[in-house]
Amino acid sequence: MKTVIERIKEITKSGLKKISSKYNFSLDGLDIEIEIPKEEKYGDYSTPVAFNLARSMNINPFHVARDLLETLNKINRFFFKKIDLVPPGFINFFLSRKFLLKELQEISSQKGNYGKADKDREDKIILEFVSANPTGPLNVVSARAASVGDALGNILQFRGKNVFKEYYINDAGGQVDLLGKSVLYRMKQRSGKRVKLPEDCYQGEYLIDVATEIMKDKSFYKKIKNLNEKESIEMIRDYTVKSIVKSQKKDLKAFQVEFDNWYSENRLRKSKAIDEVLDLLKKKGALYDNEGKVYFRSTSFGDEKDRVMVREDGTPTYFCVDSAYHLDKFRRGFTQVIDLWGPDHHGYIPRMKGVLQSMGFTEDSFQVFIVQQVNLLEKNEKIQMSKRAGNFVLMRDLLKDIGKDAARFFFLHRTLNSHLDFDMELARKQSDENPVFYVQYAHARICSIFKQAESQKAKLPKDRSKIKLDLLAENKEEIDLIKKLIDFPDTIREAALKFQPGLITGYLLTIAQLFHKFYTEHRVLTKNKSLTLARLYLVECIKIILKIALDLIGIKAPEKM
RNA sequence: GCGCCCGUAGCUCAGCUGGAUAGAGCAACGGAUUUCUAAUCCGUAGGCCGUAGGUUCGAAUCCUACCGGGCGUGCCA
């Protein structure tokens with residue numbers, strides 16, 4: 001099913017085809033822009049296509065628009081009530097009432113599938129996000145990434161893509177060794193030794209819990225007691241990572257975010273993947289040796305300097321391992337690799353793009369989006385957060401404080417690429433008037449209407465064709481609602497195309513607003529039975545759309561509040 | 001030094017591949033409920049779009065310089 005904009009685009013295109021010979025232009029590569037004007041008098045949809053053509057051919061936009069309008073008026077009578085031409089060359093479309101009602105029927109009949117795109121058999125997307133180090137519980141930054149990543153995955157899936165959500169566990173390297181050491185010292189402390197936790201260790205108190213857990217695990221504890229410090233640190237490290245990953249999974253689940261796969265860096269390192277990536281890059285001539293180290297020529301891809309892949313002692317760098325991981329993503333058959341990274345990894349984009357291109361993958365098969373940082377404010381003071389210092393606000397605390405629905409809505413309702421000031425005090429205090437409740441209330445209100453209708457024996461018949469839809473769209477509130485409802489597929493489409501899950505929250509707010517207004521102005525349950533049924537039908541469509549949209553972003557659609 | 005993000009209403013932010021009179025929410029102020037949930041609705045007020053130039057029919061949007069805030073700039077992960 002094509003979206004409304006897609007259909008208007010097609011109509012406009014066929015109109016342009018008919019006048020193309022007169023002006024001698026080609027439609028190849030011309031993107032016909034269809035937008036929703038800010039002001040009602042400029043129509044429901046509008047196109048500035050005449051300007052685009054006029055500019056490239058140096059002709060008068062008004063003339064092109066005038067001829068286009070003439071052809072368009074001949075082409076379609078059903079879609080539009082009228083088409084306007086406004087100087088200096090805007091073409092404005094006004095939808096017909098007939099079309100609005102026809103499209104409303106689509107919502108009713110397609111239900112949860114309204115706005116879905118056909119399955120795309122070509123693309124297999126792997127979407128990697130969060131991937132926090134397994135050195136502690138997830139914090140608010142991960143919460144933002146989780147909200148965004150999960151919603152994006154759902155949206156892309158809805159728009160027909162095959163999406164595989166993956167979490168990369170950095171369970172190898174120096175950081176986790178330090179983690180093992182930290183827990184070892186916590187264990188020493190717990191057994192009564194007066195030792196101080198070294199400064200380079202993770203200071204978080206959650207590690208005391210892990211230490212306790214290990215000491216209670218008698219069989220494991222016995223095993224490590226007789227080992228030397230290095231060996232026991234390794235054992236403790238693995239135990240700790242396992243325990244922390246488990247708790248991260250739990251936190252994410254509470255946040256309603258689930259992954260298709262948790263991928264272990266440790267396992268990757270033990271496989272042949274690293275040798276493979278080095279071999280492949282060598283074959284392509286992208287590597288060179290210098291002072292006993294192996295370098296990758298990332299300067300060929302706009303990086304500031306070439307990057308070390310293998311150190312003098314023969315161990316691979318993080319970059320090297322990550323390259324192997326990304327090669328593995330393609331090896332597993334994914335055609336589109338999408339990563340959400342934190343701003344601290346920003347500098348890695350050129351070299352990672354470079355590595356993948358060197359190995360023969362196209363530039364646009366790998367995309368990175370930076371989910372910007374979250375600044376937490378408490379009493380107007382910025383909270384300094386450092387994992388090592390152990391003072392960071394946790395995802396689970398956020399959940400307890402303001403709830404999953406409000407938190408997710410908040411994280412999504414702004415572009416992922418900009419910094420986010422999260423005022424904890426305000427979020428807590430405002431929990432009553434948070435926009436998410438406004439949206440949820442709309443859904444609950446609708447459910448309440450149906451409950452009431454049932455007691456009045458006003459029930460929508462199974463055969464919806466019996467309903468007199470002609471009674472709808474008689475007033476502005478209904479017309480505005482229907483117009484916004486049928487815009488849903490376009491909103492989702494744009495959100496998927498531009499990777500902007502925030503468009504959904506904005507859409508939800510508008511629908512809720514239009515509904516609340518309608519609710520205030522008009523009654524659904526009236527003495528006129530036909531009208532009652534028609535309005536129930538409309539309200540049911542609103543409920544369908546609200547539910548789909550809320551599901552996509554992982555927010556509950558409550559039956560009552 | 002270099003790179004990136006940000007600067008729009010009192011606050012939080014949309015709008016940024018140039019287009020029609022710069023928008024929304026919150027806060028402030030004034031109003032609305034005998035009827036399906038007032039967690040609602042209606043109205044008022046609020047702006048040198050960081051500053052200065054440039055590009056053009058047209059700039060919040062593009063270019064240049066500068067100012068301010070934040071982050072990054074490892075053979076750590």
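Just the heavy atoms: all of them, side chains too, but no hydrogens, waters or symmetry mates, feed the values below. Chain identifiers are assigned alphabetically (A, B, ...) following the order of the sequence lines, protein sequences preceding nucleic acid strands; residue numbering begins at 1 within each chain. Just so we're clear, the structure is a prediction, and the values are computed from it rather than from any experiment.
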*Asks:* For nucleotides B:G19 and B:A77, find the distance between their C1' atoms and express it as a whole number of Å.
*Replies:* 48 Å

*Asks:* Quick one: label A:Tyr519 by what it contacts on the DNA or RNA (base, sugar-phosphate, nothing), any heavy atom closer than 4.0 Å.
*Replies:* base

*Asks:* Heavy atoms from C-beta onward define the side chain here; which of B:A20, B:C41, B:C36 lies closest to that of A:Ser448?
*Replies:* B:C36

*Asks:* Which value, in whole Å, describes the distance between the C1' atoms of nucleotides B:A28 and B:A9?
*Replies:* 12 Å

*Asks:* Considering only atom C1', compute the distance from B:C49 to B:G43 and round it to an integer number of Å.
*Replies:* 26 Å

*Asks:* B:A14 P sits how many Å from A:Leu508 CG, rounded?
*Replies:* 18 Å

*Asks:* So, A:Glu559 and A:Lys451, do they make that salt bridge, N to O below 4.0 Å?
*Replies:* no

*Asks:* Provide, to the nearest angstrom, the distance between the CD atom belonging to A:Gln452 and the C1' atom belonging to B:U35.
*Replies:* 10 Å

*Asks:* Listing time: all N or O pairs from protein to nucleotides 2-5 of chain B that are below 3.5 Å?
*Replies:*
unit_1: B:C5; atom_1: O2'; unit_2: A:Asn417; atom_2: O; d: 3.3
unit_1: B:C5; atom_1: O2; unit_2: A:His419; atom_2: NE2; d: 3.2

*Asks:* With both distances under 3.5 Å as the test, what is the Watson-Crick or G-U wobble partner of B:G18?
*Replies:* none

*Asks:* Whole angstrom is fine here: how far is it from CG in A:Asp177 over to P in B:C76?
*Replies:* 13 Å

*Asks:* Find the partner of B:A9: check Watson-Crick (N1-N3 plus N6-O4 or O6-N4) and G-U wobble (N1-O2, O6-N3) distances, both under 3.5 Å, and reply none if neither fits.
*Replies:* none

*Asks:* For A:Lys498, answer base if it contacts any base atom (sugar-phosphate contacts may also be present), sugar-phosphate if it contacts only those atoms, and nothing otherwise; contact means non-hydrogen atoms under 4.0 Å.
*Replies:* nothing

*Asks:* Roughly how many Å apart are B:A52 and B:U33, using the P atom of each and rounding to a whole number?
*Replies:* 49 Å

*Asks:* What is the distance, to the nearest angstrom, from the CD1 atom on A:Ile349 to the C1' atom on B:U73?
*Replies:* 14 Å

*Asks:* Paired with B:G58: which nucleotide, if any, by Watson-Crick or G-U wobble criteria at under 3.5 Å for both distances?
*Replies:* none

*Asks:* Could you tell me which nucleotide pairs with B:U51 by Watson-Crick or G-U wobble geometry, both distances under 3.5 Å, or answer none if nothing does?
*Replies:* B:A65

*Asks:* Which word best sums up how the rings of A:Phe369 and A:Phe499 line up, parallel for under 30°, tilted for 30 to 60°, or perpendicular for over 60°?
*Replies:* tilted

*Asks:* Please check if any side-chain donor atom of A:Asp322 sits under 3.5 Å from a side-chain acceptor atom of A:Tyr348, or the reverse.
*Replies:* no

*Asks:* Would you say B:A14 has OP1 or OP2 under 4.0 Å from some side-chain N or O of A:Thr415?
*Replies:* yes

*Asks:* Would you mind classifying the nucleic acid contact of A:Glu265 as base, sugar-phosphate or nothing, using non-hydrogen atoms under 4.0 angstrom?
*Replies:* sugar-phosphate

*Asks:* Does the B:A32 base have a donor-acceptor partner in the side chain of A:Thr520 within less than 3.5 Å?
*Replies:* no

*Asks:* Does any N or O donor sit under 3.5 Å from an N or O acceptor when you compare the side chain of A:Asp344 with the base of B:A77?
*Replies:* no

*Asks:* Contact class for A:Asp313 vs. all strands (heavy atom < 4.0 Å): base, sugar-phosphate, or nothing?
*Replies:* nothing

*Asks:* With rounding to the closest Å, how many angstrom separate the P atoms on B:C11 and B:C48?
*Replies:* 12 Å

*Asks:* Is the backbone N or O of A:Tyr438 less than 3.5 Å from a side-chain atom of A:Gln440, with the two atoms forming a donor-acceptor pair by type?
*Replies:* no

*Asks:* I want to confirm an ordering. Mapping A:Tyr295 and A:Gln456 to their closest nucleotides on RNA chain B, which one lands closer to the 5' end?
*Replies:* A:Gln456

*Asks:* In whole Å, what is the span from the CD atom of A:Glu454 to the P atom of B:C36?
*Replies:* 17 Å

*Asks:* I'd like the P distance from B:C2 over to B:U8, given in whole Å.
*Replies:* 25 Å

*Asks:* Between the base of B:A77 and the side chain of A:Tyr348, is there any donor-acceptor pair under 3.5 Å?
*Replies:* yes

*Asks:* A:Ile504 CD1 to B:A24 C1': how many Å, rounded?
*Replies:* 18 Å

*Asks:* Is a salt bridge present between A:Lys181 and A:Asp200, judged by a nitrogen-to-oxygen distance below 4.0 Å?
*Replies:* yes

*Asks:* Using a strict cut-off of less than 4.0 Å between a Lys/Arg side-chain nitrogen and an Asp/Glu carboxylate oxygen, indicate whether A:Lys329 and A:Asp339 qualify as a salt bridge.
*Replies:* yes

*Asks:* Rounding to an integer number of Å, can you tell me how far A:Arg144 CZ sits from B:C71 C1'?
*Replies:* 13 Å

*Asks:* Stacking between A:Phe90 and B:A20, defined as ring centres under 5.5 angstrom apart with planes under 30°, is that present or not?
*Replies:* yes

*Asks:* When only distance counts, do a donor and an acceptor, one from the side chain of A:Lys305 and one from the base of B:U73, lie under 3.5 Å apart?
*Replies:* no

*Asks:* Do A:Asn417 and A:Thr415 have side-chain atoms, one donor and one acceptor, less than 3.5 Å apart?
*Replies:* no

*Asks:* Could you pick out which residue, A:Ile449 or A:Ile91, lies toward the 5' side of RNA chain B when each is mapped onto its nearest nucleotide?
*Replies:* A:Ile91

*Asks:* For the pair made of NE2 in A:His443 and P in B:A39, what is the distance, rounded to whole Å?
*Replies:* 18 Å

*Asks:* If you check the A:Tyr318 side chain, which of B:A77, B:U40, B:C13 turns out closest?
*Replies:* B:A77

*Asks:* Can you find a side-chain donor-acceptor pair between A:Tyr167 and A:Gln248 that sits under 3.5 Å?
*Replies:* yes

*Asks:* Under 4.0 Å from OP1 or OP2 of B:A24: is there any side-chain N or O of A:Gln513 that close?
*Replies:* no

*Asks:* Using the P atom as the reference point in each nucleotide, state the distance between B:C41 and B:G47 in Å, no decimals.
*Replies:* 25 Å

*Asks:* Is there a Watson-Crick or G-U wobble partner for B:U73 with both distances under 3.5 Å, and if so, which one is it?
*Replies:* B:G1

*Asks:* What I want to find out is whether A:Lys476 reaches A:Glu40 closely enough, with some N-O distance under 4.0 Å, to be called a salt bridge.
*Replies:* yes

*Asks:* Would you say A:Arg445 reaches B:A38's phosphate, i.e. side-chain N/O to OP1/OP2 under 4.0 Å?
*Replies:* yes

*Asks:* Roughly how many Å apart are B:C26 and B:U17, using the P atom of each and rounding to a whole number?
*Replies:* 28 Å

*Asks:* Can you identify which nucleotide, out of B:A77, B:G74, B:A20, has its nearest atom closest to the A:Arg307 side chain?
*Replies:* B:G74

*Asks:* Assess the side chains of A:Tyr325 and A:Glu166: does a donor N or O sit below 3.5 Å from an acceptor N or O?
*Replies:* yes

*Asks:* Could you tell me whether the phosphate oxygens of B:A22, OP1 or OP2, come under 4.0 Å of any side-chain nitrogen or oxygen in A:Lys38?
*Replies:* no

*Asks:* Counting side-chain heavy atoms from C-beta on, which of B:C71, B:A38, B:A14 comes nearest to A:Arg414?
*Replies:* B:A14

*Asks:* Under a 3.5 Å cut-off for both distances, is B:U40 Watson-Crick or wobble paired, and to whom?
*Replies:* B:A32

*Asks:* Checking all strands, does A:Ala444 fall into the base, sugar-phosphate, or nothing category for heavy-atom contacts under 4.0 angstrom?
*Replies:* base

*Asks:* So what does A:Asn92 hit on the nucleic acid, given a heavy-atom distance under 4.0 Å: a base, only sugar-phosphate, or nothing?
*Replies:* base

*Asks:* Backbone N or O of A:Lys305 within a donor-acceptor pair of the A:Ser298 side chain at under 3.5 Å?
*Replies:* yes

